[in-house]
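Read the structure below first, then the notes.
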Amino acid sequence: MRTVKDLYRTTPTIYQCELDTCPQCQQPLSAAHYVNGRKTVQTMTQGLTIGYRPKVCVNPECSGPAVARPSATWPPLAPKGCTYGYNVIARIGWERQKGRERFESIQAHVAPWVAISESHVRNLYYLRYLPLVACHERQHLAELQQISQTTGLLLGLDGLMPVGGEPQLWVVRELRTGWTLRSGWLDRQDEAAFVEFSRSVPIADLDLRVTALTHAVQCSRE
Ligand SMILES: [Zn+2]
């Protein structure tokens, strides 16, 4: 019988902020002495404890705000306040939306990897997957313009692969606010598809300033 210890790796995996230099002053960023965002997440491969070590700009001349910059790899693992990983949510979304599967069948399909009830599968679909694929940029236009004028937008592009070899759910998010600016299922993951997808972020027409774009791909099975 598997124990909680087998299901959850207890040693936390700490992600580092991927930026090397400050987007405002271009000086090297320095890693913070603390870890933020510690949480336990159930993904399609394992349960694990994660956190991230932010980076800060220590240049006293820097005109930018004193913000701790997060890791772009950390937030894509799971939404804020949710212990199920995005790859679990993407898998449920794919089966329900594209495969028209019943929640009961989806629960049976993911059960070998994820301890989850049918009502949780339903909740993840309605409360996490649908908002994830809905784009929020119009609702928050005023705030996005304000961020654009102060620090610039920090965008993260994530590929969430529900099952090996099938289309990936790609999501462009503003990392400080967590808002989705663009999302879509892509069946090609080549350079051209990728460039086309990044360019078609609706904010491209809105003249907002982007200071950094990072990307990460997450697989549901290794
Ligand atoms: Zn700086």
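Each ligand, and each atom within it, is numbered from 1 in the order the structure gives.
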Next on the checklist: Once salt bridge (charged side-chain N to carboxylate O under 4.0 Å, His left out) is applied, what residue pairs with a partner in residues 106-120 remain, sequence neighbours excluded?
Outcome noted: Glu118-Arg122
Next on the checklist: For Leu181 and Leu144: C-alpha separation, side-chain torsions, deciding distance, then whether side chain to side chain contact (heavy atoms under 4.5 Å, CB included) applies.
Outcome noted: CA-CA 10 Å; Leu181 304 186; Leu144 284 173; 3.9 Å; yes
Item to check | Nearby protein N/O/S atoms (those under 2.8 Å) for the Zn ion (ligand 1), with water ignored | outcome: Cys22 SG, Cys25 SG, Cys57 SG, Cys62 SG
Item to check | Atom of Arg91, atom of Met44 and distance for their closest heavy-atom approach | outcome: NH1-CE, 3.6 Å
Item to check | Nearest heavy atoms of Tyr84 and Ile89, plus distance in Å | outcome: O-CD1, 3.9 Å
Item to check | Leu124 to Cys82 - nearest heavy-atom pair and separation | outcome: CD2-SG, 4.0 Å
Checklist entry - For the residue pair Asn36 and Pro54, what are the closest heavy atoms and their distance? => result ND2-CG, 3.9 Å
